[in-house]
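Worksheet: the structure to be examined is printed underneath.
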Amino acid sequence: MSLDFSWFADDMVLEILGHLPALDIVRYRRVCKRIYLASKERSVWVNAFLRSECPLPPLDLETAPVEKLEKTLVRMEIMHAKWTGSRPTRAQVRRNSFTRRIFCVMPPYLVQLNREENGSKIIWFHRDDPDQIVEEHQTRFSWRTGRHYDPESGALTIAEVQEESEGSDQKTIKVVRYEVTGEKSAISKTLENEIVWPNASRDDIAPAVSIKGDYVVIETDHPRTIYLAHLKTGKMALCPVHNSNHSMWNQLTERFVTPPLFIQVDHDQLAVFTLPTEEEWSSSDLTMLRKTHTGVFPRGFTNIHIFHRSATSFFVIGTTNEGQGFDREEPRTHLRLLIVDLDEHSSACHIREDDEYNVAGHMHHFSLAPCSPTSRSTLGLLGVRVPAPTHSPTGRRIARNTRAIQPFFLGIKVDFGREDSKKSSISLTELELLDSEAAEKGMSVECINYFDPYAGQIRLQERSPQGASVECVIVDYLST
């Protein structure tokens with residue numbers, strides 16, 4: 001029996017399509033003209049975006065074009081199916097003569113970071129012609145510079161602390177943002193600003209600089225202080241250091257911005273601060289962040305990522321190690337998922353471990369993709385080096401696939417379980433990053449240069465059996 005869609009009201013057709021996966025919406029638009037026109041409606045793709053089980057990039061659903069929402073959802077459903085399959089997925093492997101390590105990819109350009117004696121240099125090369133230098137950006141101090149690339153907006157932001165002028169106690173933070181614009185893919189400066197850093201200490205010659213969303217985070221040692229510079233307003237804020245006895249260069253020190261929260265992590269210590277409001281940012285005075293909650297993790301992390309859950313809660317995904325030296329019999333890498341709830345009536349953080357996964361071997365690489373605050377999952381990559389012999393059941397399986405002390409890679413899926421009835425979880429899938437040609441030559445993965453699940457690509461560096469870095473390899477999961 002055929003179904004006559006003419007009996008359905010327009011809003012009912014839109015509601016039905018909004019409940020379907022993106023690939024099904026694209027297939028069903030071939031049924032008739034009415035379904036085709038309905039599948040182009042914004043409400044369909046916004047509903048599909050909000051209901052999708054796939055990892056989703058941070059997009060503004062109110063302003064993002066319908067074509068971008070459709071393209072993003074279709075791309076991520078394909079990537080999600082290949083990344084989380086029960087069997088290892090072979091991707092398309094492309095090699096080129098570009099042997100430099102990639103900092104990021106700004107299509108159609110490859111971006112390289114060179115550290116030099118007199119600072120650092122960012123160089124743009126054309127993807128199809130690696131010998132063609134398109135643009136360069138020079139910074140005077142590599143240790144005073146923060147860099148951040150946002151794959152979805154395509155913007156590369158660079159912040160550098162400048163030296164103070166003679167007779168002045170003020171330093172400035174020079175902020176430059178590059179984007180690829182126009183039909184000719186020109187590299188353009190879309191933001192160029194200098195933010196005044198008042199009362200900066202002359203003794204602190206090497207502050208740590210990082211970019212977190214719309215903020216530049218500057219951490220100094222003399223005295224131990226954290227400053228936040230707001231990129232949009234150019235205003236500065238001061239944040240107290242929670243664990244002042246913790247050395248910046250010892251163990252894990254991470255800072256996160258998940259509006260409206262600023263989060264400090266020092267090894268196993270956790271502190272949560274409230275970001276300034278728009279009214280406070282507009283004030284001429286130096287704003288002081290207010291500490292609202294503190295807590296202690298059950299274990300100290302070696303790597304950590306934080307994701308938004310709600311205004312008073314967030315997810316923590318990190319790694320811990322057992323057996324640091326290669327001489328240990330059973331070294332293991334633990335991947336842990338925790339939920340932190342902020343108490344409404346006190347400064348306590350309620351921390352609970354929701355899931356844990358452990359793999360035999362020393363951690364070689366760990367990364368998780370940033371995602372939309374409404375995303376129900378995210379994807380990542382875990383690499384471990386496996387010493388031989390490994391005696392655990394998981395270790396024996398890994399040891400058969402790799403030689404001793406060679407990296408072995410696993411695809412990570414973190415399911416946030418945002419619905420009340422669904423538990424957060426971690427799952428791992430075996431990945432084969434090198435093709436049969438590389439395996440026959442005895443090649444191995446030297447390092448992961450760049451991992452972008454939203455583009456479906458991993459860029460890595462191969463190493464020959466003689467120990468030489470050979471070629472840049474693009475592992476493409478969406479072109480197959």
[X] vs [Y] side-chain heavy atoms within contact, under 4.5 Å:
X: Tyr454; Y: Leu379; value: no
X: Leu252; Y: Val265; value: yes
X: Val296; Y: Gln269; value: yes
X: Ile306; Y: Val340; value: no
X: Arg299; Y: His334; value: no
X: Tyr149; Y: Val111; value: no
X: Thr429; Y: Trp83; value: no
X: Arg177; Y: Leu231; value: yes

What pair of heavy atoms forms the shortest contact from [X] to [Y], and how long is it?
X: Leu289; Y: Ala237; result: CD1-CB, 3.6 Å
X: Cys54; Y: Ser375; result: O-OG, 3.8 Å
X: Leu337; Y: Ser425; result: CD1-O, 3.9 Å
X: Cys371; Y: Phe307; result: SG-CD2, 3.7 Å
X: Gly18; Y: Arg51; result: O-NH1, 3.5 Å
X: Leu275; Y: Pro259; result: CD1-CA, 4.0 Å

Measure from the side-chain N and O atoms of [X] to the backbone N and O of [Y], and report whether any donor-acceptor pair falls under 3.5 Å.
X: Thr292; Y: Val272; value: yes
X: Thr333; Y: Met363; value: yes
X: Glu219; Y: Val241; value: no
X: Glu77; Y: Leu23; value: yes

State the [atom1]-[atom2] distance between [X] and [Y], to the nearest 0.5 angstrom.
X: Asp60; Y: Ser372; atom1: CG; atom2: OG; value: 10.0 Å
X: Leu61; Y: Leu56; atom1: CG; atom2: CG; value: 9.0 Å
X: Leu410; Y: Ser427; atom1: CG; atom2: OG; value: 11.0 Å
X: Ser424; Y: Arg309; atom1: OG; atom2: CZ; value: 6.5 Å
X: Ile426; Y: Ile412; atom1: CD1; atom2: CD1; value: 8.0 Å
X: Trp124; Y: Phe103; atom1: CH2; atom2: CZ; value: 9.5 Å

Q | Basic-acidic side-chain contact under 4.0 Å: Glu280, Arg290 | A | no
Q: Output yes when Glu160 and Lys174 qualify as a salt bridge under the 4.0 Å nitrogen-oxygen rule, no when they do not.
A: no
(Q) Checking side chain to side chain contact (heavy atoms under 4.5 Å, CB included) between Val175 and each of Ile195, Ile158, Ile211, which is the one that passes? (A) Ile195
Between the side chains of [X] and [Y], is a donor N or O closer than 3.5 angstrom to an acceptor N or O?
X: His293; Y: Asp343; answer: no
X: His364; Y: Arg385; answer: yes
X: Ser313; Y: Asp341; answer: yes
X: Thr294; Y: Ser347; answer: no

Q) By side-chain hydrogen bond (donor to acceptor under 3.5 Å, both in side chains), which residues pair with Lys291, not counting sequence neighbours? A) His242
**Q.** Charged tip of Lys235 within 45° of Trp281 ring normal and under 6.0 Å
**A.** no
Q: Might you work through the side-chain contact (heavy atoms from CB on, under 4.5 Å) test for Thr374 and Phe416, ending with a clear yes or no?
A: CA-CA 10 Å; Thr374 60; Phe416 293 128; over 6 Å; no
Q: Determine, stepwise, if the pair Arg459 / Asp476 fulfils salt bridge (Lys or Arg N to Asp or Glu O under 4.0 Å).
A: CA-CA 9 Å; Arg459 292 176 182 262; Asp476 193 333; over 6 Å; no
(Q) Applying the side-chain hydrogen bond (donor to acceptor under 3.5 Å, both in side chains) criterion to Ser120, which one of Asn114, Thr145, Thr139 satisfies it? (A) Thr139
**Q.** side-chain hydrogen bond (donor to acceptor under 3.5 Å, both in side chains) partner of His80, chosen from Lys413, Glu53, Arg75
**A.** Lys413
Q: Applying ring-ring contact (aromatic ring centres under 6.0 Å, His included) between His305 and each of Phe256, Phe315, Phe366, Phe314, report the one that passes.
A: Phe366
Q: Decide yes or no on side-chain contact (heavy atoms from CB on, under 4.5 Å) for Glu70 and Val26, but give the supporting numbers first.
A: CA-CA 9 Å; Glu70 177 181 335; Val26 173; 4.0 Å; yes
Q. Is the distance between the ring centroids of His267 and Phe301 under 6.0 Å?
A. no
Q: Hey, can you tell me if Phe262 and Phe273 have their rings parallel, tilted or perpendicular (30° and 60° cut-offs)?
A: tilted
Q: Report the C-alpha separation of Phe409 and Ile458 in whole Å, then their side-chain angles, then the decisive distance to 0.1 Å, and conclude whether the side-chain contact (heavy atoms from CB on, under 4.5 Å) test is met.
A: CA-CA 12 Å; Phe409 291 92; Ile458 302 170; over 6 Å; no
